[in-house]
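Below you'll find the structure, written out as structure tokens, and then a few comments.
Ligands are counted one by one from 1 in listed order, and the atoms in each one are counted from 1 as well. Heads up: numbering here begins at 1 and tracks the sequence.
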Amino acid sequence: MFVYFDNNATTPVDKEVADLVYKYMVSDYANPNSIHGFGNKIEKMMEDARELIAEKLDAMPYEIYFTSCASESINWAIRGICKANYRSGKHIVSSAIEHSATINTLKELENDGYSVTLIKTDKSGVVDLKELEEAIREDTILVSIMAANNETGTLEPVEKIGEIIKSKNKNTYFHVDAVQAIGKIPFSIRKVNCDMASFSAHKFHGPKGVGITYKKEGIRIFPYLTGGSQERSMRGGTQNTAGIIGSALAMKKAYDNLEDMKRIDALRHFMAEKIAHMGGIIATPLDNSVPNTLAVIFEGVRADSIVSALSDEGIFVSTSSACSSKSSSSNRVLHQMGYTEKQAQGNIRISLSHLNNGKEVDYFLEKLKNVLNFLKFNHSGV
Ligand code: PLP
């Protein structure tokens, strides 16, 4: 059996989306910036894609920009705002559980003289709102907080955070990393009231290589990638038209499929119950998280041993965020949530999509039980 439970790392491209991408690669391939008829046709298709994405996100088409991945979108939001607003201040607020695209960008900015305050979370991974409010100062130019955590699935109260920021300092910009929200919850820009937001198509059954940025009209920001006048001179470089057009369809399907995530949530609750019986600690707050994600800790067992033993059975889960799971550093997010180093080292992440079913869950649970018994018996502990 082949069981893919690593959908927070990436998702399989939807078949209809892949067909559409193929068409725009081999037949309708003109450069959307060319002024001939063929180019105009593709430009129109790309603008239709922008409009559809804007409609789904509750934004205006002119507030949507295409990049190459969410890491680029996040880099642009943070660096672009800092560069354009440093005269108003050099202080940034974020959280200790952000994705490395945010954390490492902030680390670099610290080297450039910006000061960064990282807000801590409670044991369920929710940022401390009181600490956040107190952290916002006169010279705070940006707050960047994620909508849903990639490792635990924990939902952050981004609507409330938006309110707190604007009431404390109306000049502070708010960026939301909403990568793990799309296709899992009905995310709306208007409700969150942020100034910028970042998305990635490969997390919602679109192709890799397409990032989406929401940028509120009128905010002060510099382009990140200079070049031609594409994307209203905010992001030089010929657009990935095939990927963009496919991503718009993927986003539409992601919103259309939201109802089905209730079934996935029920499977997740079922798994959580069985795993708790096996001695696993459920680190995901089931009542405040995206419906597909389950982070569990098997104290005293090495997570990488579990992942590789399951992989031998055709089951694919992950130890921590995909980008860092090949490094041996312990799980930064779990650790800061208050779990011990030893517990963090026994953390695996199970992340489903609407393509998964109960039969796969049963197979996974059966194999997991065997794997845990084997590893405990063979002292594969930490
Ligand atoms: N932000 C979050 C929360 C993520 O989970 C990821 C990917 O794992 C990213 C940002 C980066 O996305 P991309 O792979 O498109 O650069």
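Side-chain atoms of N8 and T293 include a donor-acceptor pair closer than 3.5 Å. With hydrogens and angles left out, the side-chain atoms of T284 and R268 include no donor and acceptor closer than 3.5 Å. For S95 and E98, the side-chain atoms include at least one donor-acceptor pair closer than 3.5 Å.
Counting atoms of ligand 1 from 1 in the listed order, those under 4.0 Å from a heavy atom of S200 are 13 (P), 15 (O). Near H202, meaning under 4.0 Å from one of its heavy atoms, ligand 1 places the atoms 13 (P), 14 (O), 15 (O). Close contacts of ligand 1 with Q180, meaning ligand atoms under 4.0 Å from a residue heavy atom, involve 3 (C), 4 (C), 5 (O). Residue-ligand proximity, S71 to ligand 1, at heavy-atom distances under 4.0 Å covers atoms 11 (C), 13 (P), 16 (O). Contact atoms of ligand 1 toward M146: 3 (C) (distance under 4.0 Å to a heavy atom of the residue).
At least one N or O atom of H99 sits closer than 3.5 Å to an N or O atom of ligand 1.
Closest of all the heavy-atom pairs between E231 and Y65 is OE1-CA, 3.3 Å.
Using the six-membered ring where Trp is involved, H205 and H354 have ring planes that are perpendicular, over 60° apart on the 30 and 60° scheme.
If you look at A70 next to ligand 1, the close heavy atoms, those under 4.0 Å, come from the backbone and the side chain alike.
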| Between K166 and D195, is a salt bridge (charged side-chain N to carboxylate O under 4.0 Å, His left out) present by the stated rule, with each step listed? | CA-CA 11 Å; K166 299 299 169 185; D195 299 292; 2.8 Å; yes
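Using a 4.0 Å heavy-atom cutoff, K203 is listed among the residues neighbouring ligand 1. No heavy atom of T102 sits closer than 4.0 Å to any atom of ligand 1.
Geometrically, K215 does not engage Y62 in a cation-pi contact, judged by NZ or CZ lying under 6.0 Å from the ring centre and within 45° of the ring axis.
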